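Notes follow once the structure below has been shown.
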Amino acid sequence: MTPRSPYRARGEHRTLDAAARAETGDSFTTLSDGTTHYRLDGPENGPLVVFTPGLTVPLGYWDATAPHLHRRGLRTLAYSAYGRGWSDRIPGPYDLDLFRRQLAELLDATGAGPQPHIVGASMGALVALAHLTAPYTPPPPRSP
């Protein structure tokens, strides 16, 4: 029996490579643990609302909500957690530290600024709270 990738859905068979990801029309960034799928939309200078996903939902979960915020002048950042949507399926534990690190690094990579509004659904609420109460500090660089 071939081992399954972490969080691979039954029937999921596409390789998550650059060609497949290009079909989405969305954005991707490589963080320390892998590639993250995200969508940054809305007025460029609007206050940012970050949608932090639950464990089982990709970024499309927020598609019905984001346009309402855009019309009110807010910018939105939605992303898929590792193991979901077009984000990487990574080896290792899928735990709070991983998802908190993903959020912190994504905010940095997208230039989100110091105080975005953060909205979380299900486990995403726990990730948001962990981020807000104990922001992620990257480890010091390793010596060669």
Side-chain angles (χ1 to χ4, degrees), residues 1-44 46-70 74-144:
M1 178 175 194
T2 306
R4 293 178 58 189
S5 293
Y7 294 103
R8 176 172 278 182
R10 184 166 293 159
E12 185 178 84
H13 61 276
R14 291 197 65 182
T15 300
L16 299 180
D17 59 15
R21 286 177 168 140
E23 295 175 18
T24 69
D26 291 328
S27 299
F28 296 86
T29 188
T30 301
L31 306 175
S32 65
D33 293 291
T35 299
T36 294
H37 177 205
Y38 72 95
R39 186 178 302 145
L40 185 60
D41 283 324
E44 291 217 15
L48 183 65
V49 176
V50 179
F51 293 126
T52 307
L55 181 61
T56 62
V57 295
L59 65 80
Y61 177 81
W62 304 102
D63 285 355
T65 305
H68 296 285
L69 298 178
H70 300 159
L74 298 163
R75 189 160 177 77
T76 59
L77 171 62
Y79 68 99
S80 293
Y82 292 123
R84 288 292 172 223
W86 293 94
S87 290
D88 278 348
R89 278 73 173 134
I90 61 168
Y94 282 68
D95 58 15
L96 186 58
D97 286 337
L98 171 71
F99 296 118
R100 185 170 57 107
R101 186 169 53 248
Q102 182 185 26
L103 172 58
E105 291 179 4
L106 180 62
L107 293 175
D108 186 54
T110 58
Q115 295 183 322
H117 303 282
I118 301 179
V119 176
S122 189
M123 189 197 72
L126 297 175
V127 174
L129 286 171
H131 174 76
L132 293 169
T133 58
Y136 171 72
T137 304
R142 295 181 188 175
S143 304

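Everything quoted here is computed from the prediction, not taken from an experiment.
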**Q.** Step-by-step side-chain contact (heavy atoms from CB on, under 4.5 Å) determination, Val127 to Gln102
**A.** CA-CA 10 Å; Val127 174; Gln102 182 185 26; over 6 Å; no
Q) For the residue pair His37 and Phe28, does the interplanar ring angle fall in the parallel (under 30°), tilted (30 to 60°) or perpendicular (over 60°) class? A) parallel
(Q) So which atom in Pro43 and which in Leu74 form the shortest heavy-atom distance, rounded to 0.1 Å? (A) CD-O, 3.2 Å
Q: Please report the closest heavy-atom contact between Gly85 and Pro58, naming both atoms and the distance.
A: CA-CB, 3.7 Å
Q: Using a strict cut-off of less than 4.0 Å between a Lys/Arg side-chain nitrogen and an Asp/Glu carboxylate oxygen, indicate whether Arg101 and Asp95 qualify as a salt bridge.
A: no
(Q) If I take atom CD1 from residue Ile118 and atom CG from residue Leu132, how far apart are they, to the nearest 0.5 angstrom? (A) 4.5 Å
**Q.** Stepwise side-chain contact (heavy atoms from CB on, under 4.5 Å) test for Arg84 and Val57
**A.** CA-CA 7 Å; Arg84 288 292 172 223; Val57 295; over 6 Å; no
Q | Where Ala81 and Pro53 come nearest, the two heavy atoms and their spacing | A | N-CG, 3.7 Å
Q.
If you define the side chain from C-beta out and look only at heavy atoms, does anything of Thr110 sit under 4.5 Å from Tyr79?
A. no
Q | pair Phe99-Thr52: side-chain heavy atoms closer than 4.5 Å | A | no
(Q) Could you measure the distance from the OH atom of Tyr38 to the CG atom of Leu59? Nearest 0.5 Å is fine. (A) 11.5 Å
Q) Could you give the distance from OG1 (Thr65) to NE2 (His70), rounded to the nearest 0.5 Å? A) 10.0 Å
Q. Is any side-chain heavy atom of Trp62 less than 4.5 Å from a side-chain heavy atom of Arg39?
A. no
Q. Are Arg89 and Tyr94 side-chain neighbours, meaning at least one heavy-atom pair lies under 4.5 Å?
A. yes
**Q.** Leu103 and Val50, any side-chain heavy atoms less than 4.5 Å apart
**A.** yes
Q.
Quick one: does any side-chain atom of Asp88 pair with a main-chain N or O of Thr35 as donor and acceptor, under 3.5 Å?
A. yes
Q | Residues that Tyr61 engages under ring pair (Phe, Tyr, Trp, His ring centres under 6.0 Å), provided they are two or more places apart | A | none
Q: Taking the side chain as every heavy atom from C-beta outward, state whether Arg75 and Leu40 have any atom pair closer than 4.5 Å.
A: yes
Q) Nearest heavy-atom pair of Ala109 and Leu31: which atoms, and what distance? A) CB-CD2, 4.1 Å
Q.
I'd like to know if the side chain of Thr36 and the backbone of Thr29 have a donor-acceptor N/O pair within less than 3.5 Å.
A. no
Q: State, with a plain yes or no, whether a side-chain heavy atom of Ser32 is found less than 4.5 Å away from one of Glu105.
A: yes
(Q) Quick one, Trp86 and Asp26 - any side-chain contact, counting heavy atoms below 4.5 Å? (A) no
Q. To the nearest 0.5 Å, what is the distance between CG (Leu48) and CG (Leu107)?
A. 7.5 Å
